[in-house]
Amino acid sequence: MANANCPECEGVIELADGSFVAGEIIDCPDCGVELEITSVQPLTLELAPEEEEDWGE
Amino acid sequence: MTIKVAILGASGYAGGEVLRLLLDHPEVEVSQVTSERNAGRYVYSLHPNLRKRTNLQFVPSAALEPCDVLFSALPHGEAMERIERLSELAPKLIDLSADFRLHSSDDYVKWYDRPHANPSWLERFVYGLPEINREAIRGADFVSGVGCNATVTNLALWPLFRADLADRSHGVIVEVKAGSSEGGAQATPSSHHPDRSHAVRSFAPVGHRHTAEVLQALGAAQDPLAVHMSVTSIELVRGVLATAHVFVKPELLEQGFALKDLWKAYRGAYGEEPFIRLVREQKGVYRFPEPKILAGSNYADVGFDYDPATGRVVAIAALDNLMKGAAGTAVQCMNLMCGFEETTGLTFSGLHPA
Amino acid sequence: MTIKVAILGASGYAGGEVLRLLLDHPEVEVSQVTSERNAGRYVYSLHPNLRKRTNLQFVPSAALEPCDVLFSALPHGEAMERIERLSELAPKLIDLSADFRLHSSDDYVKWYDRPHANPSWLERFVYGLPEINREAIRGADFVSGVGCNATVTNLALWPLFRADLADRSHGVIVEVKAGSSEGGAQATPSSHHPDRSHAVRSFAPVGHRHTAEVLQALGAAQDPLAVHMSVTSIELVRGVLATAHVFVKPELLEQGFALKDLWKAYRGAYGEEPFIRLVREQKGVYRFPEPKILAGSNYADVGFDYDPATGRVVAIAALDNLMKGAAGTAVQCMNLMCGFEETTGLTFSGLHPA
């Protein structure tokens, strides 16, 4: 298991070895923010660029 | 070997909800349920959702026989009058009313405008909110219920005070939005459908009694905290949402307090809690806690937001006032008191859409 | 030894409801759930009530692996195109869509305005309403789901036709009042809150497709029956109520047909049914079936009234369109198909108040 902390909420993210590749986008299980896998060994994550959905209430 | 459990005052919403949960609880046999007015009638005549689930009939409280656990869901003021007699009926007692929630009889007089009938019993009761009082409840024989508006407020704020992040001198302002089932099963002019529908009604701008339990949970003798609660009735039957406004300690602001610190405080307080879910998401419709998807479940959803420009933390919590705010928490306490797995009989996840 | 179950198309309301039920089903392990659009995302991002209950993530349908039971909850028209491939994935398949509900491909073309993609499969599917088809379902490998408006109508009327009390020449007029979740998870102009709220909207005065299933269940080849359905959208999310109007056979009227004959017919049809409750009471607020206390439960409440002056029977039924009208009935069929106790994982009683 590879793990790293979510840059947004510091939640622990665990990924089974070999189940992910660099550049892949995953969701943080705690805060749901989209993260980009910037390296595999060691596992590093960055906030994926994504546009903020406008609710327009 | 199941335990025998009786419910005193089971004609109301809270008592009916305890009954619904216990009927599906693998360790429990519901021995008796009482209602003076409805003695002899089938319970499902008042609780139609329980049709075909039980043929239990209400009995008068005088007919109550000894049992292993007694839930009391009588109107406020009844249990404290009858506590001596009730305590002889069962070794473990859980009272959902407000009679034994406050530790100090002075507080009771102040908030409930009458002297407590049995003040010596106050210290024998443990406040029944497992998330902040689990070990005391585990070993207790007498446990009080919790107020729904107090609980949603306490669960929203607890991590901030546990981690000592809040500027106590600033006090707390909390706005509670509440559903109609908080008013109970008794019809009143204000619950008349044409007047209650689509209400956005300032029910209690000040002086709501549940404030006492928030002061008790978050207050500290040596460092008083001002809690300012306002309750607004909204278009909802089950469910309550609290939006609490707190300010971060100045010294922490200087050290660069940020959202991550809130995650740390909330995860630290609730990471292992079976019934608390942290909800703060970037996408989707339900990004912050919301009551309607919690109806019938024992979950409390807790979230937060932060305004770095002013240091204001907005702590948000939602729950079902009849479940996590009353009956669900009471059954959770029973599980702890009897050594059952804490989530037994409380795994319904709520509905979506609802 | 639990069985492996997958859900194809689990991002919608019906698929999400099957997932909610299976997560709490003691005999089942949910192996995979698919959604093309949401592949890789946690299921609770679309089903927030399932937060903290599962860390399952959606996978694309191409990644589906063989399993013991496959639920398909794809949009109408998909399963019939892909049935050959799907049937290789699991020995037992339950399709919640409308693709395999009708036995005759002519009926399918008539009601769904397009030819059936795989008509030979129609006779291999059993119509999945246990209350009128239990033995066939028990032995089946391929079972269809049920339409919610059809089911509430069928369950209201079935005892009358089973006991041959109705004057078939008169036909049946049925008015269905339906909640917004029948429209599914996709937002449309008509589901826009400011327009959908407080609607009392004549959604389908004539030609509702579910009529086909009522004709199939109650019709008889040699003695055709006219079923006239109208659907009105009302202020509700989950839930549907059917009010059906039928006239007693003239000869029975002459023999002094009375209310107790209706009790006899309904008890005869439903006395042993675990999920049907007969509701016709003199007192209380809920004297006839009503959907709101059924939300989340697999119950259908069925009742009736009778006007001796005209011989008109009013048959009334209520259910949760996502549960007894879809996912609950589908899981009930799985229990029958796999030899589990029929009520397993389906004991939630619904909430009151709600």
Inspect the surroundings of CZ in Phe203(B) and state if more than 12 heavy atoms from other residues, nucleotides or ligands are less than 6.0 Å away. no
From Arg20(C) atom CZ to Phe348(B) atom CZ, the distance as rounded to the nearest 0.5 Å: 5.0 Å
Keeping the roles fixed (side chain from Asn49(C), backbone from Ser349(B)), state whether a donor-acceptor pair exists under 3.5 Å. no
In short, Arg53(B) meets Tyr299(C) closest at the heavy-atom pair CD-OH, 2.6 Å
Interatomic distance, Arg41(C) atom CZ to Lys283(B) atom NZ [nearest 0.5 angstrom]: 5.0 Å
What's the spacing between Arg277(B) CZ and Lys52(C) NZ if we round to 0.5 Å? 8.5 Å
Side chain, backbone, both or neither of Ala185(C) within contact of chain B (heavy atoms, under 4.5 Å): neither
Nearest heavy atoms of Leu351(C) and Glu17(B), plus distance in Å: CD2-OE2, 4.2 Å
Side chain, backbone, both or neither of Asp301(C) within contact of chain B (heavy atoms, under 4.5 Å): side chain
Do you know the tightest heavy-atom contact between Pro353(B) and Leu322(C)? CD-CD1, 3.6 Å
Measure Glu290(C) against the heavy atoms of chain B and call it side chain, backbone, both or neither at under 4.5 Å. neither
CD on Glu235(B) to OG on Ser197(C), rounded to 0.5 Å: 9.5 Å
Contact origin within Val279(C) toward chain B - heavy atom pairs under 4.5 Å: side chain
Contact winner vs chain C - Ser180(B), Ser297(B), Ala354(B), Ser45(B), heavy-atom pairs under 4.5 Å: Ala354(B)
Evaluate His352(C) against Leu46(B) for side chain to side chain contact (heavy atoms under 4.5 Å, CB included), listing each step before the verdict. CA-CA 9 Å; His352(C) 171 262; Leu46(B) 284 180; over 6 Å; no
Phe340(B) atom CZ, neighbour heavy-atom count above 12 within 6.0 Å: yes
